Each structure stands twice: as structure tokens, then as C-alpha cells.
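Below: the structure, in C-alpha cells.
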2 protein chains.
Amino acid sequence: MRTPTELTEAFRARGLKVTPQRQLLFRLLHGNTQHPTAEALFATASAEMPGISLRTVYQTLADLASMGELQQVAFGSGPTRFDPNVDEHHHVVCDRCGAVRDVWVDGIADLRMAPLDGFEPSVTEIVLHGRCAACAATEPTASTVPPINQPTS
Amino acid sequence: MRTPTELTEAFRARGLKVTPQRQLLFRLLHGNTQHPTAEALFATASAEMPGISLRTVYQTLADLASMGELQQVAFGSGPTRFDPNVDEHHHVVCDRCGAVRDVWVDGIADLRMAPLDGFEPSVTEIVLHGRCAACAATEPTASTVPPINQPTS
DNA sequence: TGCTCGTTCGCACGACTTGCGAACACTCAC
DNA sequence: GTGAGTGTTCGCAAGTCGTGCGAACGAGCA
Ligand SMILES: [Mn+2]
Ligand SMILES: [Mn+2]
Ligand SMILES: [Zn+2]
Ligand SMILES: [Zn+2]
């Protein structure tokens, strides 16, 4: 995602208005590596702008996504995450606390996949499931946060 | 997933009853490579057993999943898919028609991933997004089915 | 056959997201 | 600076997908 200043220009160039709500979200998202949910952004935004609506957060996120400034990522269960990093990269997900981190993967071109039967893949998505460092250090059974589903294979 | 006959024994061995509804779902799922949704299974099951409840379909799928006979898979958007193939494998998803196919990927162990920062991955999930053979043959814009979201990176 | 306990099923509810439209406010022309 | 005009905000209703609940039911066993 571009900087708040650049987005301000980009929005106006498209005939879109630059409102205080949008500016706030530009700031909250720029450089954000948390992969926040809409609710999480709404909570943070509300602290700074008490009247802001969750509806507006969803709306602005959709606008940014349609402009290619934002990536929407969904992992198995739970709400959609929003990712201002639109470069090609992948993710590690902690199935205990739900934390998501960016990961860069090298060697994807060397993967051998079959059978494709005429299927034409355009995007290879890799998600590593497991435990983050903090969660790996604690009991395997303890959990205070609803876990994210993990494939059983 | 094991055969309907084996599942019948496995259910009774656990003190679970083998009802006509369950037997029907055992049959509909065994060897099924469609990655069907609960609704899709409900529709198929209803043709054969008109009174069956969607609630029972969900319930039985959850039972099978908790026994490790079934894998639940979610792709970006849309409802959960159920996969009787619990071997380690991966998926290709047509973002136009939503079709899902199994794919086996070789070379995963050679992938280089960084930075992991203490994260301990246990499962590597690979999803190839693109167009199935049938959809690749038609107009890129034509669509009669709501597409599955595709990551923008 | 009859008892018992797990199952089924309809309905209400929950989580997450989107549709809708009236009130509002950013822009720009003047 | 002011006003007109168009895009935006926001609350509420509705939509989608899935789960909690409990009364009626029926599979399995003595
Ligand atoms: Mn990311
Ligand atoms: Mn599969
Ligand atoms: Zn964690
Ligand atoms: Zn297709």
C-alpha cells in the first residue's frame, strides 16, 4: 500500500473524496504488518475517532482492495484479514493465537505438481500452519483465544 | 475416508449409531473427489432421502471430521468444502467456477522460507489459483457462477 | 418386546459481511 | 468565501454460513 499522502492524491485523481475516516484508515494500515481484521481496525480507529462506523471501515477496505492497494487474505476460519503488503509473499499462521506473519518463500518455481489436466494456475499460495514462538513456549493445550482451523492432512 | 462398511463398524465401535442418514452420507462421500459443500451434499442426499435435514448433514460431517475421516478445507471465500481424502495433498482452485481438484506437489521440502523467527510450522498448505481447463477455454470475462476470491499478490 | 441413550431436525441464534437510503460533507466552480 | 453537486458516512436490515438447543424419535441391546 502506498503512503497516506500518495493515497490522498490517488483517491482525488479518481474523483473519490478524502475524508477524515479514510485518512485515519490510510494511517492505520500503512506499514501495518499485523494482518488486521475489519473489527480490529474498527477498534483501533474508534479510539482516535469515536463516532466512526464499522460499515465505513468495511467500505474503505473494499475501496482500497479494489484499487489494488490492499490484499484480502482468508485463513480457514475466522474473519478476513487485510494486508497492505501487496508484493508477492506468503504467510505463517499460528493456529493457537491466530497471529499471522509475512514469509518469503524461495524455490516455488522448482515445485513439481501433478496432475494438472489442463488447469492453468496463475497464483501459488503457500500457508504454513503451526505455532508462533510465544505459543510454542507455552502448554500445547492452553488456549485463551479461539484457534484457527488447521487442515488435518 | 474409509469405506461405508468400515465406517459402520468404526461408528458402532465408538458407541455411535449407524442411521440411514449417516449411511447415505458415507456413500455420498466415499471416493468423492468433488470437495463438496454441506449444501451440495444436502442437495444430493435430499434426492435420495427427501426428509433429511441440513442440520444432520452438518452434524455428520463434523462427526466424520472429528474422527479424522474427513478434512475440512476453506478457500478464501465461500462455504467450507469437505474432503474425504485425508492423505497429504494439495489443491487447485478455479477462481471462475469454483471447481477444486486434488494435486500432489513434490519438492516442498526444498522450499526456503524466511524469516521464521521461532515460528514452528507443522503443516504446509499449497493452493494453486487459476482457471480449470473448461473455464480457460471460454471468454475470460464470461461468468455465470460467483467467482472465488483470489489473492491479489 | 421394551428400554435407553444417542440422533435427528426445526428453529433460533451467532459471526461476519453487504444492501440500502437518508443525512451529511468534501470539492470545485464561481 | 459560498453554494451546488456528487460522493460518503452510518445505522439498520438483510444475507450467508454455521452452531446451540431441546423435544421427538429410533437404533441397538437385553
Ligand atoms: Mn502478508
Ligand atoms: Mn482434496
Ligand atoms: Zn501464537
Ligand atoms: Zn472453472
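Since the model is a prediction, treat every value here as computed from it, not as a measurement. Naming convention: chains lettered A, B, ... in sequence-line order (proteins, then strands); numbering from 1 in each chain.
Of all the heavy atoms in B:L54 and B:A38, the pair that sits closest is CD1-O, 4.1 Å.
Residue A:R55 places none of its side-chain N or O atoms closer than 4.0 Å to OP1 or OP2 of D:dT8.
Here B:F75 and B:H91 bring their ring centres to under 6.0 angstrom of each other.
Each of B:P20 and B:P79 has a nearest nucleotide on DNA chain D; the 5'-most of these lies closest to B:P79. Nearest-nucleotide positions on DNA chain C for B:G15 and B:L54 put B:G15 closer to the 5' end. Between B:Q59 and A:A38, the residue anchored closer to the 5' end of DNA chain C is B:Q59, taking for each the nucleotide with the nearest heavy atom. Each of B:T80 and B:L16 was matched to the nucleotide of DNA chain D holding its nearest heavy atom; the match closer to the 5' end belongs to B:T80.
The pair A:R2-A:E9 does not meet the salt-bridge criterion, since no charged nitrogen lies less than 4.0 angstrom from a carboxylate oxygen. The pair B:D117-A:R101 meets the salt-bridge criterion, with a side-chain N (NZ, NE, NH1 or NH2) lying under 4.0 Å from an Asp/Glu carboxylate O.
Rounded to a whole Å, the CZ atom of A:R12 is 12 Å from the P atom of D:dT8. In this structure, B:Y58 atom OH and D:dC21 atom C1' are separated by 17 Å, rounded to whole Å. The nearest whole Å value for the distance from the NZ atom in B:K17 to the P atom in D:dC25 is 15 Å. Per the geometry, CG belonging to B:L41 stands 14 Å off P belonging to D:dC17, to the nearest Å. For the pair B:E39 CD and D:dC17 C1', the interatomic distance rounds to 8 Å; values are reported in whole Å. Note: CG (A:L64) to P (D:dT8) measures 12 Å, nearest angstrom. Atom CD in B:Q21 sits about 14 Å away from atom C1' in D:dA24, given to the nearest Å. Atom C1' of nucleotide D:dG26 and atom CZ of B:R22 are separated by 12 Å, given to the nearest angstrom.
Here the range on DNA chain C touched by chain A, meaning any atom under 4.0 Å from one of its heavy atoms, is C:dC16 to C:dT27.
Annotation: side chain of B:P36 is in contact with side chain of B:N32 (closest heavy-atom distance under 4.5 Å). In this structure, the side chains of B:V18 and B:R12 come closer than 4.5 Å at one or more pairs of heavy atoms.
Annotation: ring-ring contact (aromatic ring centres under 6.0 Å, His included) contacts of A:F26 (sequence neighbours excluded): A:F11.
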